[in-house]
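Working notes, beginning with the structure itself.
A note on names: the letters A, B, ... follow the listed sequences, proteins ahead of strands, and every chain is numbered from 1.
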Amino acid sequence: MTETPLVEHLFRRHAATMTAVLLRIFGSAHIDLVEDVVQDALVRALEVWPLSGVPSNPRAWLIQVAKHRALDAVRRQATFARGVESSLVAWDAENAGGGDDEAFRPLGCADDVVAMLFMCCHPDIALESRLALALKAVAGLGTAEIARALLAQEAAVAQRLVRAKRLIRERGIAADMPLGSELPRRLEAVLAVLYLWFNEGYLPLQGEALTRVDLCHEALRVAGLVAAHPRTATPASHALAALMSFHAARLPTRTGLEGGLLLLRDQDRSQWNGQLLNLGFAHLERCATGAQATRYQIEAGIAACHASAPNYELTDWSTIVALYDRLRDVADSPMVQLNRAVALSRVEGAAKGIELIQPLAGDPRLSRQRTVWAVLGELAFEAGRIADARRWWVHALEVECTDPERRFLEYRMAQAGAA
Amino acid sequence: MPKFALLLHESPFAYQDLSPEHIQAIIQKYIAWMNGLKAQGRYISGEKLCPERLVVRRENDELATDGPYMESKEVVGGLMIVEADSYQHAAELSRGSPHFDRGWIEIRRVDLA
């Protein structure tokens with residue numbers, strides 16, 4: 001009988017689950033021991049399975065090995081708290097593993113994973129380290145993979161992780177959900193990291209396209225865990241999950257032939273992932289926007305307008321403009337202004353858009369200057385100002401571009417040349 | 001049908017730095033290879049061997065043991081029995097093995113007399 005292939009990402013996800021369970025049992029002061037135990041279990045599988053085949057329940061097998069390693073460690077040192085050993089013994093291998101084989105079904109041990117996420121996102125840890133730590137612990141990525149995802153040096157990521165773990169030990173940052181009045185503030189920090197995590201995958205930076213799509217889906221999966229947890233299922237959590245679902249649904253259509261970027265206008269909407277769109281609307285229903293709408297709720301509302309529009313032209317641009325106006329009130333940024341101007345140009349014409357966007361060109365707070373020039377080029381082209389369009393696209397090409405962006409701009413310039 | 005033993009030699013390797021995804025990818029390659037052998041009806045069995053070894057000898061009519069010791073250099077890390085028509089064929093069966101990423105394979109014909 002041939003071997004059944006392993007479920008995709010099983011090791012990565014299961015490493016996160018086992019880490020979360022062991023952190024609960026040992027306490028976060030023993031985070032290094034926990035990491036070693038989990039890594040040992042995975043390495044054992046690598047040593048044994050290639051020759052004797054995959055066990056019938058791979059997750060239970062891994063838990064069994066990790067459990068034995070952990071018990072060995074406890075019995076060697078007498079310094080562990082009472083109860084650690086009995087908690088380990090009670091770790092149920094047969095029942096703890098299931099449920100994570102479908103990307104959007106919550107993990108077994110979801111409570112422990114969410115608790116671990118709170119530890120990773122603790123405000124005492126530097127913001128950039130929080131994401132790195134979450135990618136390590138919650139997404140189960142290795143240091144090199146995190147470095148690739150964040151476009152950082154591997155040594156720098158390793159250092160961030162070491163520093164973060166030292167803080168966890170020294171300040172006793174627990175892997176649990178804070179009580180009462182502290183929870184909203186801490187949850188805000190968690191959502192901010194998840195938002196950053198998703199955007200790292202979503203923004204068209206250099207890097208391996210596949211890894212980045214995976215990063216988005218993983219962020220969405222974890223946001224789903226947070227939104228599903230009774231103590232963190234706030235409107236903001238659901239809004240963030242909705243926002244990610246809508247964006248993730250469009251991921252496969254963002255690039256066209258030869259990997260060139262495709263504008264929203266030109267994307268094949270029939271190819272948007274219906275399952276993810278439905279998930280987005282389901283989360284959206286649970287984030288009733290009240291007077292204190294967060295940026296996530298507003299952004300989810302904007303994404304929903306796009307998701308429910310039959311095509312680009314029939315999009316409800318007036319509503320989108322109104323939502324951007326509100327977003328400006330809670331989280332103003334040049335990027336928000338740029339997007340608002342584009343939406344407004346759909347209502348009042350390309351000239352209005354150009355008028356609003358030109359002052360943004362050269363704004364040092366906009367790290368993605370090429371986007372400004374590219375958008376100006378599009379609007380000028382639409383307004384029939386071909387010479388301006390060409391001039392602005394050339395500007396865009398002069399700023400650092402990713403390959404898909406470059407191909408896209410070159411394609412548009414060729415079209416403009418033909419016009 | 002002649003049987004052959006594939007002895008998988010390998011050097012100690014730093015597994016501690018491999019990410020979970022990477023570990024799974026390596027296992028997946030071995031499984032693909034094993035499944036190829038199984039699909040051709042060539043796979044008989046396989047076992048992982050631990051890296052330490054104990055040597056037993058007879059000295060002055062007594063059994064003397066040495067070890068078990070961890071081997072610090074190359075060891076036979078695994079054993080697989082396959083069916084093949086010839087040495088050449090057995091070598092051909094080992095072709096897709098991911099084991100070559102970290103070691104080499106010694107092939108010995110099982111003497112069925």
Give each N or O donor-acceptor pair spanning chain B and chain A at a distance under 3.5 Å, with atom names and distance to 0.1 Å, or state none.
residue: B/Tyr15; atom: O; partner: A/Gln39; partner atom: NE2; Å: 3.2
residue: B/Gln16; atom: O; partner: A/Gln39; partner atom: NE2; Å: 3.1
residue: B/Leu18; atom: O; partner: A/Gln39; partner atom: NE2; Å: 2.8
residue: B/Ser19; atom: OG; partner: A/Glu145; partner atom: OE1; Å: 3.4
residue: B/Ser19; atom: OG; partner: A/Glu145; partner atom: OE2; Å: 2.6
residue: B/Glu21; atom: OE1; partner: A/His9; partner atom: ND1; Å: 3.3
residue: B/Glu21; atom: OE1; partner: A/Arg12; partner atom: NE; Å: 3.3
residue: B/Glu21; atom: OE2; partner: A/His9; partner atom: ND1; Å: 2.7
residue: B/Gln24; atom: OE1; partner: A/Leu10; partner atom: N; Å: 3.1
residue: B/Gln24; atom: OE1; partner: A/Phe11; partner atom: N; Å: 2.8
residue: B/Gln24; atom: NE2; partner: A/Val7; partner atom: O; Å: 2.8
residue: B/Gln28; atom: OE1; partner: A/Leu6; partner atom: N; Å: 3.1
residue: B/Asn35; atom: OD1; partner: A/Glu3; partner atom: N; Å: 2.5
residue: B/Asn35; atom: ND2; partner: A/Glu3; partner atom: O; Å: 3.0
residue: B/Lys38; atom: NZ; partner: A/Met1; partner atom: O; Å: 3.1
residue: B/Lys38; atom: NZ; partner: A/Glu3; partner atom: OE2; Å: 2.9
residue: B/Tyr43; atom: OH; partner: A/Leu51; partner atom: O; Å: 3.2

Review point. So, for A/Leu51 and B/Met80, which heavy atoms are closest and what is the spacing to 0.1 Å?
Key: CD2-CE, 4.0 Å
Check your understanding: By a 4.5 Å heavy-atom criterion (distance strictly below it), what part of B/Leu8 contacts chain A: side chain, backbone, both, or neither?
Key -> side chain
Exercise for review: Only counting residues at least two apart or in another chain, list the ones meeting ring pair (Phe, Tyr, Trp, His ring centres under 6.0 Å) with B/Phe100.
Suggested key: none
Point to revise | Working for side chain to side chain contact (heavy atoms under 4.5 Å, CB included), residues B/Leu18 and A/Val43 | key: CA-CA 9 Å; B/Leu18 295 181; A/Val43 168; over 6 Å; no
Point to revise | Atom group of A/Ala45 that falls short of 4.5 Å from chain B, counting heavy atoms | key: both
Point to revise | Those residues that, when tested against A/Ala15, pass side-chain contact (heavy atoms from CB on, under 4.5 Å) (two or more places apart) | key: A/Val38, A/Leu42, B/Pro20
Exercise for review: Could you list all the side-chain hydrogen bond (donor to acceptor under 3.5 Å, both in side chains) pairs where at least one residue sits in residues 54-68 of chain B, not counting sequence neighbours?
Suggested key: B/Asp66-B/Tyr69
